[in-house]
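Remarks on the structure that follows.
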Amino acid sequence: MWKRGAAEGAAGVPVAEPWQAPSVVEQRLYEAKCRHDWAAYMDVLAGQYLYRLASRPWLDANPGRVPARMQPVWRPEVQGWCAAVYTEAMLPAPIEDPVFISESLGAYARDWSPQDPPWLAVNPGSPCEAYFPASRSLCALWQQHADRVDDICGHGTLRTLWVGGPRTGAVARGLACGALLSVNNGQYWNSLGHGHGYNDERRALERWWGVTTREKWQQCQEELLTNEMSSPVWEFALGLRHSLAQDFGGQVEPAHWRQAAERVLRKRIATATIELTPDGVTRTEGPSEEEVEWQIDGVKRLIGRITRYEARFRADGLLPEGRFIRSVAAWDYGRAANMARFGLASRYCTVEEAEAAVVRAGRVSTVSYRSWEDFSAAYVLGRCLHFDEEEFGSWYEEMLAAHRVLTTDPESPWLTIPFRAGDGN
């Protein structure tokens with residue numbers, strides 16, 4: 001439970017140093033264990049996903065399923081066979097095989113069978129380890145603890161790896177670009193690891209992104225890092241307003257913005273074009289007058305949406321008074337940081353590839369924005385334009401809550417990592 005450190009006492013005898021837990025979860029487990037408060041220990045477990053080893057070839061051959069039986073390991077502490085589970089911060093770096101899958105304490109309680117090992121081993125071999133007999137009555141007790149938990153992992157909270165995750169440097173800066181989603185999902189913001197487990201991460205990538213292969217992951221990752229995933233119409237409208245502001249040296253009224261957008265679009269949309277192809281000169285008809293009007297009307301409506309979102313952002317403290325959003329590229333760059341995490345957890349990339357993608361996400365973000373707050377407002381606008389439909393519902397409220405956490409929590413990377421390398425905190 002304690003380790004020998006380099007420090008020495010007055011007589012030259014090494015002094016024991018307290019164990020450095022990898023996160024607050026293991027610290028709470030350790031403290032409960034030291035107090036012999038096993039009810040508190042189980043309460044901590046009930047609020048976390050618990051991970052166990054699984055064969056990747058088996059999971060790939062049986063999509064959507066998990067192994068029914070727990071793999072037994074012999075532990076001398078109880079002189080018996082145990083099913084070993086780990087909290088997320090205790091997991092090793094990802095390798096090709098085996099992988100980890102996660103389940104809640106309640107799921108273990110419900111699914112434990114007489115064929116499973118007679119003991120549950122939690123974080124075996126660590127100072128916060130504990131061993132519990134897996135009898136029917138004790139499984140029922142686990143279930144009682146699980147039933148008291150409303151939200152596993154605490155969505156909307158900042159979670160940090162104290163050990164095993166970068167907290168400074170280029171990789172940490174890139175991961176911090178994805179921190180709005182990490183906070184919203186209750187995941188460690190600085191973890192490049194296993195996510196919610198191999199099966200769950202693969203299912204999520206397929207459901208939300210259509211990613212089922214390494215090649216598709218690479219394509220999505222590159223499109224996000226080059227800001228090619230979001231609508232170019234959003235960038236056109238915001239870029240036009242920025243140009244107008246520079247030309248006229250002040251605030252751009254929505255009416256002026258709409259008029260300028262219409263003029264530019266009418267000049268850009270030709271009725272016909274002449275192209276020289278291998279087959280000769282080809283005349284390509286442009287859009288009809290009706291289609292042109294439809295495109296112009298769409299951009300005008302988009303300008304109205306952006307204006308109203310920014311007004312709400314200012315009212316909620318997400319955007320300072322008098323400030324405007326110049327680009328929503330942050331929406332892609334922040335997702336790129338998380339796509340690297342998803343790809344690694346799903347084994348579509350290596351640790352080195354994930355780190356390189358994360359560093360790129362941080363680099364392109366600092367080129368486009370001036371501060372974490374600037375980046376955050378742009379990210380939230382992109383998310384709202386994509387999902388929210390001006391309802392100001394959960395798609396917006398979740399990000400507003402995450403923004404407030406990241407701009408106020410003393411442990412937040414937005415307060416401990418300069419937005420640009422070389423800047424002061």
Side-chain angles (χ1 to χ4, degrees), residues 156 177-181 183-184 208 224 227-266 268-269 291-335 365 368-408 414:
C177 292
L180 282 165
L181 188 61
V183 168
N184 182 60
W208 290 101
L224 290 169
N227 188 27
E228 295 177 2
M229 187 74 77
S230 299
S231 170
V233 179
W234 303 347
E235 291 298 278
F236 162 74
L238 291 166
L240 175 62
R241 180 177 61 179
H242 181 59
S243 297
L244 292 171
Q246 289 182 315
D247 290 343
F248 294 98
Q251 181 175 329
V252 180
E253 294 297 328
H256 182 200
W257 188 9
R258 290 188 179 94
Q259 291 169 3
E262 181 173 357
R263 287 196 304 270
V264 172
L265 287 172
R266 289 195 184 280
R268 284 187 178 183
I269 303 175
E291 290 171 329
V292 171
E293 295 302 324
W294 179 82
Q295 291 181 36
I296 292 172
D297 183 62
V299 171
K300 287 182 175 180
R301 284 186 279 109
L302 172 64
I303 289 171
R305 290 181 67 199
I306 292 172
T307 301
R308 291 186 290 274
Y309 272 120
E310 289 179 329
R312 177 65 177 269
F313 288 6
R314 294 188 194 96
D316 290 337
L318 187 61
L319 188 66
E321 285 297 329
R323 292 284 294 277
F324 299 87
I325 296 168
R326 296 185 296 171
S327 166
V328 288
W331 168 233
D332 275 358
Y333 300 156
R335 291 188 295 169
S365 296
S368 301
Y369 299 96
R370 293 171 289 187
S371 66
W372 289 116
E373 290 80 5
D374 192 25
F375 174 91
S376 179
Y379 180 99
V380 178
L381 178 60
R383 191 179 204 247
C384 287
L385 291 175
H386 188 81
F387 288 118
D388 183 63
E389 298 295 335
E390 283 194 85
E391 294 179 358
F392 296 99
S394 61
W395 293 109
Y396 170 63
E397 292 293 342
E398 290 171 353
M399 290 299 99
L400 176 62
H403 170 89
R404 288 171 172 167
V405 169
L406 285 163
T407 52
T408 58
W414 290 8

Measure across [X] and [Y] and return the closest heavy-atom pair with its distance rounded to 0.1 Å.
X: Ile303; Y: Ala261; answer: CD1-CB, 4.0 Å
X: Ser365; Y: Phe375; answer: OG-CE1, 3.4 Å
X: Asn184; Y: Met399; answer: CB-CE, 3.7 Å

Inset, instruction - Start with the C-alpha gap between Gln251 and His256, add the side-chain angles, then the distance that decides, and say whether side-chain contact (heavy atoms from CB on, under 4.5 Å) holds. - result: CA-CA 10 Å; Gln251 181 175 329; His256 182 200; over 6 Å; no

At what distance, to the nearest 0.5 angstrom, does [atom1] of [X] lie from [atom2] of [Y]?
X: Asp388; Y: Arg312; atom1: CG; atom2: CZ; result: 9.0 Å
X: Glu397; Y: Ser394; atom1: CD; atom2: OG; result: 9.0 Å
X: Leu265; Y: Lys300; atom1: CG; atom2: NZ; result: 9.5 Å
X: Tyr333; Y: Ser327; atom1: OH; atom2: OG; result: 6.5 Å
X: Leu180; Y: Arg335; atom1: CG; atom2: CZ; result: 13.0 Å
X: Cys384; Y: Glu310; atom1: SG; atom2: CD; result: 11.5 Å

Legend entry - Arg308: partners by side-chain hydrogen bond (donor to acceptor under 3.5 Å, both in side chains), with sequence neighbours left out: Glu390

Is there a side-chain contact between [X] and [Y], using heavy atoms and a 4.5 Å cut-off?
X: Ile306; Y: Ile325; value: no
X: Phe236; Y: Val299; value: yes
X: Gln295; Y: Glu262; value: no
X: Arg314; Y: Leu319; value: yes
X: Leu385; Y: Leu302; value: yes
X: Leu181; Y: Tyr379; value: yes

Inset, instruction - Would you check, one step at a time, whether the test side-chain contact (heavy atoms from CB on, under 4.5 Å) holds for Val380 with Leu318? - result: CA-CA 9 Å; Val380 178; Leu318 187 61; 3.8 Å; yes

Legend entry - Ser231: side-chain contact (heavy atoms from CB on, under 4.5 Å) partners, not counting sequence neighbours: Val233, Trp234

Where the side chain of [X] meets the backbone of [Y], is there a donor-acceptor pair that is under 3.5 Å apart?
X: Asp297; Y: Glu293; value: no
X: Arg241; Y: Glu253; value: no
X: Tyr369; Y: Ala330; value: yes
X: Asp332; Y: Ser230; value: yes

Legend entry - For Trp414, the option from Ser371, Cys177, Ser376 that meets side chain to side chain contact (heavy atoms under 4.5 Å, CB included): Ser376

Inset, instruction - Return yes if a side-chain donor-acceptor contact under 3.5 Å exists between Thr407 and Glu373, otherwise no. - result: no

Legend entry - Pairs flagged by ring-ring contact (aromatic ring centres under 6.0 Å, His included) wherever residues 304-328 is involved - sequence neighbours left out: Tyr309-Phe392, Phe313-Tyr396

Legend entry - Cation-pi geometry met for Arg383 and Trp331 (6.0 Å, 45°): no

Inset, instruction - Can you label the angle between the Phe387 ring and the Trp395 ring as parallel, tilted or perpendicular, going by 30° and 60°? - result: parallel

